[in-house]
**Q** 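This is the structure I want to talk about, given as structure tokens.
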Amino acid sequence: MVPISYNLRSLTHRKATTFATAFGITLVVFVFAASAMLTDGIKTTLGKSGSEDIAIVIRDGSDAELSSSLDQPNVGIILSSADVKRRADGQPDGVGEIVAVLALDKIGTEGVSNVQVRGVASASYAFRPTIHIVQGRQARDGAEEAVVGRAIAGRFRGLALGQSFEIKKNRHITVVGIMEDRGSSFESEVWTDIETVRSAFGREALVSSVRARLRSASAYPAFERALKSNRQLGVEVMRETDYYARQSEGTGTLISVMGNMIAFFFSLGAMIGAMITMYAAVSNRSREIGTLRALGFSKMSILFAFLLEALMLSLLGGIVGVLASLAMNGTGFSMMNLASWSEITFTFHWTPQIAMSSLIFAAVMGLFGGLFPAIRAARVNVLQALRS
Amino acid sequence: MTDAIVKLTDVGKTFWRGTEAIKVLDGLTLDVADGAFHALMGPSGSGKSTLLNLIAGLDKSTAGTVQVAGQNLSQMNDGSLADFRARNIGFIFQSYNLMPVLTAAENVELPLLLTKLSSAERKKRAITALRVVGLEDRTGHFPRQLSGGQEQRVAIARAIVNDPKILVADEPTGDLDRKSADDILNLLVRLNTEFKKTIVMVTHDPEAAERATTTLHLNKGALIEQRTKGAA
Amino acid sequence: MNLVSLAARNVLRNKFRTTLTVLGVAVALLAFILLRTVLSAWNAAADYAAKDRIATRHKVTFIMTVPKRYVDTIRQVPGVSAVSYFNWFGAKYERMPNEFFGSMACDPRTMFDVYDDVRISEAEKQAFIADRQGAIVGDVLARKMNWHAGDTVTLKGTIFPGNWTFHIVGVYTAASRAVDRSTFFFQWDYLNESLPPGRRDQVGWIMSRVDNATQAAAVSQRIDRIFDIQDVQTLSMSERALNVSFLAGFSAILQALNVISVVILLILLLVLGNTIAMGVRERTNEYGVLRALGFMPKHVRLFIYGEAITLGAIAGTLGAGIGFAFVNFAFGPWLEENMGAMFPYFRVPAEVLIAAFVFAVLLGILAAIIPATRAARLTVTDALRRID
Ligand SMILES: Nc1ncnc2c1ncn2[C@@H]1O[C@H](COP(=O)(O)OP(=O)(O)OP(=O)(O)O)[C@@H](O)[C@H]1O
Ligand SMILES: [Mg+2]
């Protein structure tokens with residue numbers, strides 16, 4: 001076998017070419033990894049909002065909480081199911097909430113943007129133990145107060161701690177707290193009293209959704225069957241995890257389709273770049289190859305040597321690309337969520353799997369780019385090469 | 001004796017490899033008369049090509065003066081040296097150095113691109129030069145379609161197309177077989193006698209040197225022997 | 001023959017490498033063209049949006065409605081020439097539940113006065129007015145769902161529950177790029193009568209046309225001022241401003257695409273630079289010969305730039321050609337068909353094609369700067385001695 005140091009030296013010999021090729025691969029891998037990180041971020045942001053043992057109930061036929069409405073009395077009926085877990089006080093562990101959208105001035109832009117508002121009761125905070133108030137305090141029931149998610153706090157006019165915004169003409173809601181929930185979509189919401197939202201939006205005695213914590217995740221099928229068979233209710237039941245997976249579908253697909261398309265074209269370009277470099281390496285070194293062959297190295301070992309060189313080249317670029325993508329980890333990316341037409345902040349989410357698949361992607365580019373040049377190298381005619 | 005067209009006085013050439021000085025030529029003095037045909041011989045590494053490059057204005061001496069065709073090359077900048085070469089020097093290389101993408105006629109025409117001649121006039125002159133070297137039937141051929149000897153004749157046509165006073169040739173027959181080499185030498189002799197070109201030719205081949213009027217021997221950076229035909 | 005043509009011939013010398021380079025650059029340009037077309041198609045909604053149409057909606061949120069009597073009030077506002085009104089419906093076609101399309105209730109008598117860029121035959125228009133359950137659909141949607149005039153379709157409402165039966169009486173096309181050809185319009189009266197009395201006579205938004213587009217902002221203010229003292233306040237803005245604020249929700253994506261399209265140019269530069277540098281390195285000896293013949297460094301530079309420009313121009317032509325064909329004949333029609341709501345018009349703008357070509361040539365020149373400067377700086381003897 002041709003020693004690896006031979007390849008390493010030839011890569012360092014033509015520094016500019018090696019740099020240009022590897023850097024091209026770096027850019028491609030970076031874009032690939034970044035789009036995977038964002039797709040993953042969308043899934044985690046919305047995924048974290050849901051849990052397996054919680055069922056969400058909305059009106060039959062509506063796609064999301066926003067377009068759904070249920071009568072308040074139905075909340076009691078839904079939560080009375082034996083499959084719903086009981087709280088310490090014996091009450092069913094579930095909440096009925098109302099969701100609306102508010103247009104607020106977005107700071108730093110000229111226009112308004114939509115923000116999702118959730119009408120809640122204090123039970124809603126207790127219902128989601130992962131939510132923490134990181135600044136200020138929880139809003140009191142019945143008060144004109146709101147708690148704002150960390151991701152949008154300060155990004156809209158009136159949404160910073162101590163400020164207030166108008167939910168309806170001359171009805172000011174004061175922000176008394178900032179909440180955090182592991183980067184879930186709740187961090188992009190405004191929570192205020194359910195009655196305030198109802199009256200401001202003319203939705204008296206209605207809720208958008210009912211969430212119920214079940215006795216266990218496996219109690220779900222029975223719960224679903226019971227509710228669906230009650231034609232009077234006319235509801236749609238989903239596991240909360242499924243609900244959020246569906247919410248992330250549109251946006252997630254948009255990002256991943258775009259990302260993959262871009263990565264595809266990029267990788268073609270980078271592969272061709274690697275091919276050009278490797279072909280040049282082969283033709284510049286045909287004498288060397290002839291000499292190696294004359295010394296007794298086999299065709300296979302020449303092929304292998306050049307493939308290895310291409311692989312090293314692309315992995316070099318790939319590693320730098322992955323490291324660069326690591327720097328994006330945790331960066332916020334806020335956009336309109338196609339499911340709610342409201343702003344939501346996703347974060348780039350780095351995982352070892354993404355790093356791994358990016359490196360594999362780089363390696364594949366290198367191998368494909370290097371394959372034909374390596375075959376040409378292996379086919380070099382010994383005598384001709386030595387004479388040239 | 002006619003005036004010297006090439007006049008080297010106390011010429012030295014030192015190359016620097018890092019801090020290490022390589023003195024290739026030292027205190028070399030040489031006159032080449034107008035219309036002469038000099039062969040320059042000597043062991044490998046003795047500085048023949050270096051000397052030739054100085055005469056051709058491809059390189060500058062580090063000491064002494066180099067006067068060619070009445071001009072002091074030592075004092076010229078790169079731009080005027082290029083201009084000097086274009087007007088006065090025809091260069092013939094050992095490995096022909098034709099442009100592979102150009103036809104024979106186009107290769108010959110190449111130096112004329114530096115002149116203000118019309119395209120038609122350039123073509124005419126290129127054909128004329130090719131006729132001188134006996135390749136008027138190969139004008140449209142590319143270098144790879146020609147034999148080595150033919151390639152060198154195209155290179156000679158390129159060297160004479162702008163009618164320079166001096167031809168410098170660095171081992172022009174080095175890559176050729178005897179027969180082709182003799183053809184080239186005949187051609188050079190004809191250019192010297194018929195067209196009155198002054199020729200300085202580096203060669204390792206004693207038979208080639210025989211054809212020149214004067215043979216110079218270079219050793220360790222100095223001219224150690226001059227032998228002129230008939231005068232020996 | 002001249003120096004430029006000699007340079008051009010050199011490009012074709014290493015045919016294989018040139019082919020690879022041209023392919024690489026063409027692929028990169030294709031990606032560039034795609035991205036820029038996405039950006040321009042996205043912006044088209046704003047660019048082509050009518051400046052003389054004003055939308056008036058509930059001030060606080062788009063999920064709330066305004067009283068229908070506002071329509072008559074707006075009709076009296078000076079500067080307004082025509083007024084119509086709409087309600088967002090939201091529906092699914094049970095047979096194809098995964099096909100998303102916009103559906104709205106409209107007033108067929110006034111709608112076409114405001115939307116003069118919606119093309120429909122007079123007969124179909126009259127049929128639409130005459131039939132209470134009548135509906136018209138965009139041609140793109142009609143093709144996708146295989147709907148024809150005369151069909152009866154049943155849709156399931158997502159906001160207004162139940163099954164709704166419509167008669168398709170016509171198919172509309174668009175006279176402007178801002179019109180979505182995938183929308184389902186039906187009679188507002190039909191919707192209104194089906195609602196419980198308490199929810200009747202509400203409209204989602206009011207569209208009015210102004211005599212003079214430059215007055216749009218002033219008229220918007222005039223309208224909002226009228227309703228400011230009423231129960232329900234309004235927010236009016238020109239269709240253009242509305243679309244701009246909608247786009248702002250995707251500004252992060254647009255920005256990312258922008259950045260990526262610049263990254264593509266960078267990759268392009270690397271591929272071109274690599275090839276040019278390799279060619280120059282291999283031909284150093286020839287530059288030495290040229291210099292020996294009396295050519296100046298500037299000629300050598302010109303020569304290398306000539307090569308680079310030729311390479312860039314060939315690649316640019318091919319890339320722009322492929323991009324044009326791919327987008328306008330394959331990808332664009334497909335996208336309009338399947339994502340018409342987001343991309344009603346997806347064709348390469350001429351300026352993008354020109355930019356792609358110009359960038360290819362400019363980047364070729366840019367890529368040649370270093371090799372050209374280096375080659376010109378070499379001394380004649382050094383250039384002649386260089387064989388590797
Ligand atoms: N650019 C340079 N840098 C350093 N050393 C040089 C350079 N050019 C020539 N030399 C050295 O100068 C000496 C003379 O070289 P030159 O090419 O003139 O020899 P030559 O007589 O033509 O040899 P040959 O017969 O092999 O062609 C050699 O030792 C060579 O290594
Ligand atoms: Mg020599």
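Letters go in sequence order (proteins before strands), and every chain restarts at 1. Predicted model, so just to flag it, every value in this text is computed and none were measured.
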**Q** So do C:F16 and A:R376 actually touch side chain to side chain, heavy atoms under 4.5 Å?
**A** yes

**Q** Counting only heavy atoms not in C:R200 (residues, nucleotides, ligands), do more than 12 fall under 6.0 Å from its CZ?
**A** yes

**Q** Side chains of A:I272 and C:V271: closer than 4.5 Å at any heavy-atom pair?
**A** no

**Q** Answer yes or no: is there a donor N or O on one side and an acceptor on the other, between the side chain of A:R59 and the main chain of C:T158, under 3.5 Å?
**A** yes

**Q** Mind checking whether C:M278 and A:I276 have side chains closer than 4.5 Å, heavy atoms only?
**A** yes

**Q** Look at A:S113, A:A103, A:G273 and state which one has the largest set of heavy-atom pairs under 4.5 Å with chain C.
**A** A:A103

**Q** Starting at NE2 of C:H58, measure out to NZ of A:K168 and round the result to the nearest 0.5 Å.
**A** 7.0 Å

**Q** Which bit of A:A200 comes within less than 4.5 Å of chain C, counting heavy atoms only: side chain, backbone, both or neither?
**A** backbone

**Q** Examine whether an atom of A:L104 lies under 4.5 Å from a heavy atom of chain C, and if so say whether it belongs to the side chain, the backbone or both; otherwise answer neither.
**A** neither

**Q** How about A:R379: does its CZ atom have over 12 heavy atoms from other parts shown lying under 6.0 Å from it?
**A** no

**Q** Side chain from CB out, backbone as N, CA, C, O: work out which of these in C:I370 comes under 4.5 Å of a heavy atom of chain A, or both, or neither.
**A** neither

**Q** Relative to chain A, which segment of C:I260 carries a heavy atom at a distance below 4.5 Å: side chain, backbone, both, or neither?
**A** both

**Q** Less than 4.5 Å apart, side chain to side chain, heavy atoms only: is that true for C:L266 and A:F23?
**A** yes

**Q** Under 4.5 Å from any heavy atom of chain A, what part of C:F32 do you find: side chain, backbone, both or neither?
**A** neither

**Q** Please indicate whether C:R13 has more than 12 foreign heavy atoms, meaning atoms of other residues, nucleotides or ligands, lying under 6.0 Å from its CZ.
**A** yes

**Q** Inspect the surroundings of CD in A:E204 and state if more than 12 heavy atoms from other residues, nucleotides or ligands are less than 6.0 Å away.
**A** yes

**Q** Count the heavy atoms of every other residue, nucleotide or ligand shown that sit under 6.0 Å from CZ of C:F326, and state whether that count exceeds 12.
**A** yes

**Q** So how far is it from C:I253 CD1 to A:M335 CE, rounded to the nearest 0.5 Å?
**A** 3.5 Å

**Q** Mind checking whether A:N170 and C:Q233 have side chains closer than 4.5 Å, heavy atoms only?
**A** no

**Q** How long is the span from the CE atom in A:M271 to the CG atom in C:L23, to the nearest 0.5 Å?
**A** 11.5 Å

**Q** So for C:N14, is it side chain, backbone, both, or neither that comes closer than 4.5 Å to the heavy atoms of chain A?
**A** neither

**Q** Checking C:L34 against chain A: side chain, backbone, both or neither under 4.5 Å from a heavy atom?
**A** side chain

**Q** Can you name the residues of residues 261-269 of chain A that have some heavy atom under 4.5 Å away from a heavy atom in chain C?
**A** A:M261, A:I262, A:F265, A:F266, A:L268, A:G269

**Q** Side chain, backbone, both or neither: which part of C:R57 has a heavy atom under 4.5 Å from chain A?
**A** side chain

**Q** In sequence, state the C-alpha distance, the side-chain angles, and the governing distance for C:K156 and A:D60, and then conclude on side chain to side chain contact (heavy atoms under 4.5 Å, CB included).
**A** CA-CA 10 Å; C:K156 190 173 177 186; A:D60 188 25; 4.1 Å; yes

**Q** Between C:L269 and chain A, which part of the residue has a heavy atom less than 4.5 Å away: side chain, backbone, both or neither?
**A** neither

**Q** Does any backbone or side-chain atom of C:A256 lie under 4.5 Å from a heavy atom of chain A? Answer side chain, backbone, both or neither.
**A** side chain

